[in-house]
Amino acid sequence: MCEFIILFLYFAAINSRINKHKYHTKLQFMAKELTSRSENYSQWYNDLVIKADLAEASAVRGCMVIKPYGYAIWEKIQGQLDRMFKETGHVNAYFPLFIPKSFFSKEAEHVEGFAKECAVVTHYRLRNDDQGKGLVVDENAKLEEELIIRPTSETIIWNTYKNWIQSYRDLPILINQWANVVRWEMRTRLFLRTTEFLWQEGHTAHATREEALEETLKMLQVYATFAEEYMALPVIKGVKTESEKFAGAIDTYTIETLMQDGKALQGGTSHFLGQNFARAFDVKFLNREGQLDLVWATSWGVTTRLIGALIMAHSDDNGLILPPKLAPIHVVIVPIHKNEEQLSQISAKAEVLKKELESKGLSVKYDGRDTHKPGWKFAEYELKGVPVRLAIGPRDLENNTVEVARRDTLEKMIVPADTVGTYIPELLANIQENIFRRASGFREKNTHRVNTWDEFREVAEVKGGFAYAHWDGTSETEAKIKEETKATIRCIPLDNEPEEGKCIYSGKPSKQRVLFAVAY
RNA sequence: CGGGGUGUAGCGCAGUUGGCUAGCGCGCCACGUUCGGGACGUGGAGGCCGGAAGUUCGAGUCUUCUCACCCCGACCA
């Protein structure tokens with residue numbers, strides 16, 4: 001308690017020192033060449049992915065190259081999620097990219113759901129054509145059984161689990177894998193929907209229904225915590241309707257997020273698979289009572305799509321805004337100098353600050369390149385969403401100060417150089433919080449409780465955002481609503497309060513509101 | 001997979017009723033002056049005009065086919 005008070009007073013003292021030197025400037029310039037959100041939101045997104053150097057289209061239709069800066073964000077996401085999976089008792093493993101076609105047909109709903117978008121390997125050899133047509137498929141090298149490139153791994157995994165499980169003592173199995181999957185999509189967009197994408201898929205096996213259900217919800221909560229605390233993205237947890245659930249699941253749980261254009265984006269899913277896959281692959285175990293029983297299953301995943309969510313939730317017309325906890329670079333230091341001598345003095349000072357900040361666990365980049373002017377660098381790092389920028393010029397050398405600029409608000413202030421080591425970590429925490437608060441505020445402003453069909457249509461077709469509305473619980477009504485407005489039921493929220501009402505479409509009685517939105 | 005659009009230098013574009021050595025801006029390279037919000041000057045490099053076939057004395061330009069990408073629908077994380 002005593003330490004706490006001392007610490008508090010210490011920070012208060014620093015803050016008052018900073019305030020003396022503080023000035024605010026709201027910057028009005030626009031980043032060159034970046035389409036504004038109001039002009040064309042979807043173009044803004046495309047521009048941003050390219051200009052921030054996150055990814056680009058590849059020579060392969062529908063597939064992207066994730067560039068180093070984009071991949072660095074994915075590595076931050078992976079790193080944190082992997083820690084959280086381990087903390088909840090999971091281990092990593094790896095299963096094959098190829099799945100024998102026959103495995104797929106074993107679970108009826110599952111095939112039904114994925115058959116339309118599978119890439120299939122039919123041959124295993126190429127040869128040089130005798131007629132000079134170049135390299136051709138060797139028809140003599142046809143596979144006995146075609147291989148599917150995994151769109152998801154339930155089938156190969158449950159085929160394997162069958163051999164691992166004999167008794168309740170072999171359970172639970174709590175495995176995750178980091179992998180790539182392929183789903184042959186017609187229309188693709190960088191990060192949001194590509195033919196090949198990276199993801200993580202957890203596959204667990206349990207002795208009881210209760211335990212599997214608990215696992216499903218536990219991992220949903222891991223995703224929700226990750227989204228809110230790391231991505232600074234508020235989520236709504238819920239369960240999918242029959243028509244929106246995973247092919248082969250009993251229930252699909254989801255975290256739903258809202259993007260700046262008013263469209264919803266599913267951030268992660270956790271499936272309660274019941275005994276469906278155990279039945280399909282004949283995975284039985286001897287329970288404590290000495291009876292054979294089918295194993296209970298879950299699976300759960302998030303994909304590189306999260307990077308798309310990160311971009312669309314927070315960024316502005318100047319470029320990316322990354323939450324500090326997922327930013328590859330926390331702080332960039334830019335020198336401002338008139339000559340070589342000044343540059344070397346400033347560099348020396350910058351290196352000291354860099355070391356100090358790095359000792360606090362921050363990732364710091366000093367950009368001492370002489371090939372670009374400071375203004376160019378400012379714009380560049382704003383485009384890339386680096387949360388904090390320090391600028392050091394001759395005036396700062398004289399006054400022993402640095403200029404601190406925060407990316408989320410574009411505010412600039414002068415602070416004493418000696419306080420940087422304590423001030424910056426605080427500022428980063430503050431930015432993380434502010435971004436989350438801003439996204440939450442946006443979501444609140446764009447969440448509507450609607451009671452009539454007209455109100456509903458206005459949200460779906462004009463205003464955008466989430467609509468809480470009564471629904472009669474039938475797939476028919478759900479399909480009609482989608483057909484007429486493009487809005488879908490994102491989920492039935494877990495924290496729903498029961499409420500008597502009438503379905504906005506059919507007028508039939510309803511016991512609760514469900515969450516509707518037009519979605520990505 | 002249906003409807004619409006675009007392919008000319010790394011990127012964004014111009015290129016006339018078919019005609020001479022295919023241009024412009026940005027970027028790139030060299031040198032110099034600059035550097036507290038995307039600097040400027042001078043010089044330079046860079047093109048099988050998406051690909052194939054055809055019409056023609058002659059094709060970036062006309063015809064056919066093909067491929068890729070973008071936008072709108074159906075499908076999806």
Side-chain angles (χ1 to χ4, degrees), chain A residues 23 25-35 40 42-43 46-47 50-51 56-62 112-118 151-152 180-201 223 240 243-247 252 254-257 264-271 299-309 318-319 334-340 342-343 346 368-383 389-399 401-403 405 410 412 414 482-483 486 488 519-520:
Chain A
Y23 71 89
T25 338
K26 279 271 181 180
L27 300 164
Q28 358 242 294
F29 73 94
M30 290 298 195
K32 270 186 188 167
E33 298 155 29
L34 187 63
T35 308
N40 184 341
S42 125
Q43 192 60 45
N46 292 341
D47 283 2
I50 300 297
K51 300 222 157 93
E56 64 185 37
S58 72
V60 185
R61 179 199 196 107
E112 171 83 4
F114 286 104
K116 299 184 294 291
E117 49 187 26
C118 285
T152 179
N180 57 338
V181 286
V182 166
R183 295 181 188 175
W184 213 262
E185 299 291 347
M186 291 309 163
R187 284 185 61 202
T188 60
R189 284 186 78 192
L190 297 178
F191 290 116
L192 296 176
R193 185 183 302 109
T194 47
T195 300
E196 179 191 13
F197 56 92
L198 304 184
W199 78 348
Q200 143 287 305
E201 49 181 326
Y223 291 152
K240 289 286 187 186
S243 67
E244 295 273 335
K245 77 178 169 67
F246 176 74
T252 289
T254 177
I255 51 170
E256 293 291 325
T257 64
L265 189 142
Q266 178 179 304
T269 50
S270 185
H271 313 293
S299 69
W300 27 273
V302 300
T303 76
T304 36
R305 189 184 227 195
L306 285 181
I307 296 175
N318 295 312
V334 176
I336 296 156
H337 62 283
K338 293 212 191 299
N339 52 51
E340 281 299 320
Q342 269 181 1
L343 179 59
I346 292 167
R369 286 181 297 173
D370 198 26
T371 49
H372 295 283
K373 291 185 61 179
W376 188 93
K377 293 176 187 171
F378 292 175
E380 179 69 8
Y381 293 109
E382 269 156 23
L383 193 54
R389 180 186 73 233
L390 304 183
I392 308 172
R395 283 206 299 274
D396 296 304
L397 281 187
E398 250 173 65
N399 304 331
T401 56
V402 294
E403 182 193 77
L410 297 174
K412 295 202 284 197
I414 303 290
K482 182 178 181 185
E483 205 180 302
K486 295 189 175 66
T488 51
Y520 272 97

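First the proteins, then the strands, lettered A, B, ... as listed; each starts at 1. Values reported hereafter were calculated over all heavy atoms of this structure, with side chains retained and with hydrogens, waters and symmetry mates removed.
When all heavy atoms are compared, the tightest approach of A:V181 to A:T152 is CG1-N, 4.1 Å.
The residues A:E382 and A:R389 are annotated as salt-bridged, a charged nitrogen and a carboxylate oxygen being separated by less than 4.0 angstrom.
Residues that satisfy the side chain to side chain donor-acceptor pair (under 3.5 Å) test with A:R183, not counting sequence neighbours, are absent from this structure. A:S299 pairs by the side chain to side chain donor-acceptor pair (under 3.5 Å) definition with A:E154, not counting sequence neighbours. Considering only residues two or more places apart in sequence or on other chains, A:Y223 meets the ring pair (Phe, Tyr, Trp, His ring centres under 6.0 Å) condition with none of them. Every residue meeting the side chain to side chain donor-acceptor pair (under 3.5 Å) condition with A:K245, not counting sequence neighbours, appears here in chain and number order: A:E109.
Separating the NZ atom of A:K377 from the P atom of B:G36 is a distance of 11 Å, rounded to the nearest angstrom. Between A:H337 atom NE2 and B:U33 atom C1' the separation is 13 Å, expressed in whole Å. One atom, CD of A:E380, and another, P of B:A39, lie 12 Å apart when rounded to the nearest Å. Atom CH2 of A:W376 and atom C1' of B:C35 are 14 Å apart (whole Å). In this structure, CH2 of A:W184 is placed 12 Å from P of B:C1, rounded to the nearest angstrom. For the pair A:R395 CZ and B:G36 P, the interatomic distance rounds to 10 Å; values are reported in whole Å. Summarising the geometry, the separation between CZ on A:R389 and P on B:G38 is reported as 12 Å, rounded to the nearest angstrom. A:K412 places its NZ atom 7 Å from the C1' atom of B:G36, with the value rounded to the nearest Å.
Side-chain N or O atoms of A:T257 include one that pairs as donor or acceptor with a backbone N or O of A:L265 at under 3.5 Å.
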What protein N or O atoms touch nucleotides 5-13 of chain B N or O atoms at under 3.5 angstrom, if any, and at what distances?
none

Could you write out each protein N or O paired with an N or O of nucleotides 68-74 of chain B at a distance under 3.5 Å?
unit_1, atom_1, unit_2, atom_2, d
B:A68, OP1, A:R61, NH1, 3.3
B:C71, OP1, A:N46, ND2, 3.2
B:C72, OP2, A:R187, NH2, 2.8

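The A:A391 side chain lies nearest to B:G36 when the options are B:C76, B:C35, B:G36. Checked against B:G38, B:C35, B:C76, the side chain of A:L383 finds its nearest nucleotide in B:G38.
B:G54 and B:G46 are spaced 32 Å apart, taking the C1' atom of each and rounding to whole Å. Taking the C1' atoms as reference points, B:G12 lies 11 Å from B:G27, given to the whole Å. Comparing the same atom, P, in B:G18 and in B:C62 gives a spacing of 8 Å after rounding to whole Å. The P atoms of B:U64 and B:U6 are separated by 15 Å, rounded to the nearest whole Å. Nucleotides B:G38 and B:C71 are separated by 32 Å at their P atoms, to the nearest Å. Comparing the P positions of B:U16 and B:U61 gives an interatomic distance of 11 Å, to the nearest angstrom. With C1' as the reference atom, B:C65 and B:U55 are 15 Å apart, rounded to whole Å. For the P atoms, the distance linking B:G60 with B:A52 amounts to 13 Å, nearest Å.
Side-chain N/O atoms of A:K373 include one lying less than 4.0 angstrom from OP1 or OP2 on B:A39.
A:W184 CH2: 12 or fewer foreign heavy atoms inside a 6.0 Å radius. Taking a 6.0 Å sphere around CZ of A:R369, one finds it holds more than 12 heavy atoms contributed by other residues, nucleotides or ligands. Annotation: A:Q43, atom CD; neighbour count of heavy atoms from other residues, nucleotides and ligands within 6.0 Å is above 12.
Pairing for B:C69 is with B:G5, a Watson-Crick or G-U wobble pair whose two hydrogen-bonding atom distances lie under 3.5 Å. The partner of B:C28 is B:G44, judged by Watson-Crick or G-U wobble contacts that both fall below 3.5 Å. Nucleotide B:A52 forms a pair with B:U64, judged by Watson-Crick or G-U wobble geometry with both contacts under 3.5 Å. As the counterpart of B:A14, no nucleotide is assigned, since no Watson-Crick or G-U wobble pattern has both distances under 3.5 Å. B:A39 and B:U33 make up a base pair, with Watson-Crick or G-U wobble contacts both under 3.5 Å.
Checked by atom type, the side-chain pair A:T35/A:N40 shows no donor-acceptor distance below 3.5 Å.
With hydrogens and angles ignored, a donor-acceptor pair closer than 3.5 Å exists between the side chain of A:R193 and the base of B:C76.
Ring orientation note: the planes of A:W376 and A:H372 are close to parallel, at an angle under 30° on the 30°/60° scale.
In this structure, A:T152 reaches neither bases nor backbone, as no heavy-atom distance under 4.0 Å exists between it and the strands shown. Across all strands shown, A:P335 has no heavy atoms under 4.0 Å from either base or sugar-phosphate atoms. Residue A:E185 is in base contact, counting any heavy-atom pair closer than 4.0 Å across all strands shown. In this structure, A:L192 reaches the bases: a heavy-atom distance under 4.0 Å links it to at least one base atom across the strands shown.
Position along RNA chain B of the nearest nucleotide to A:G267 versus A:E340 favours A:E340 as the more 5'-ward residue.
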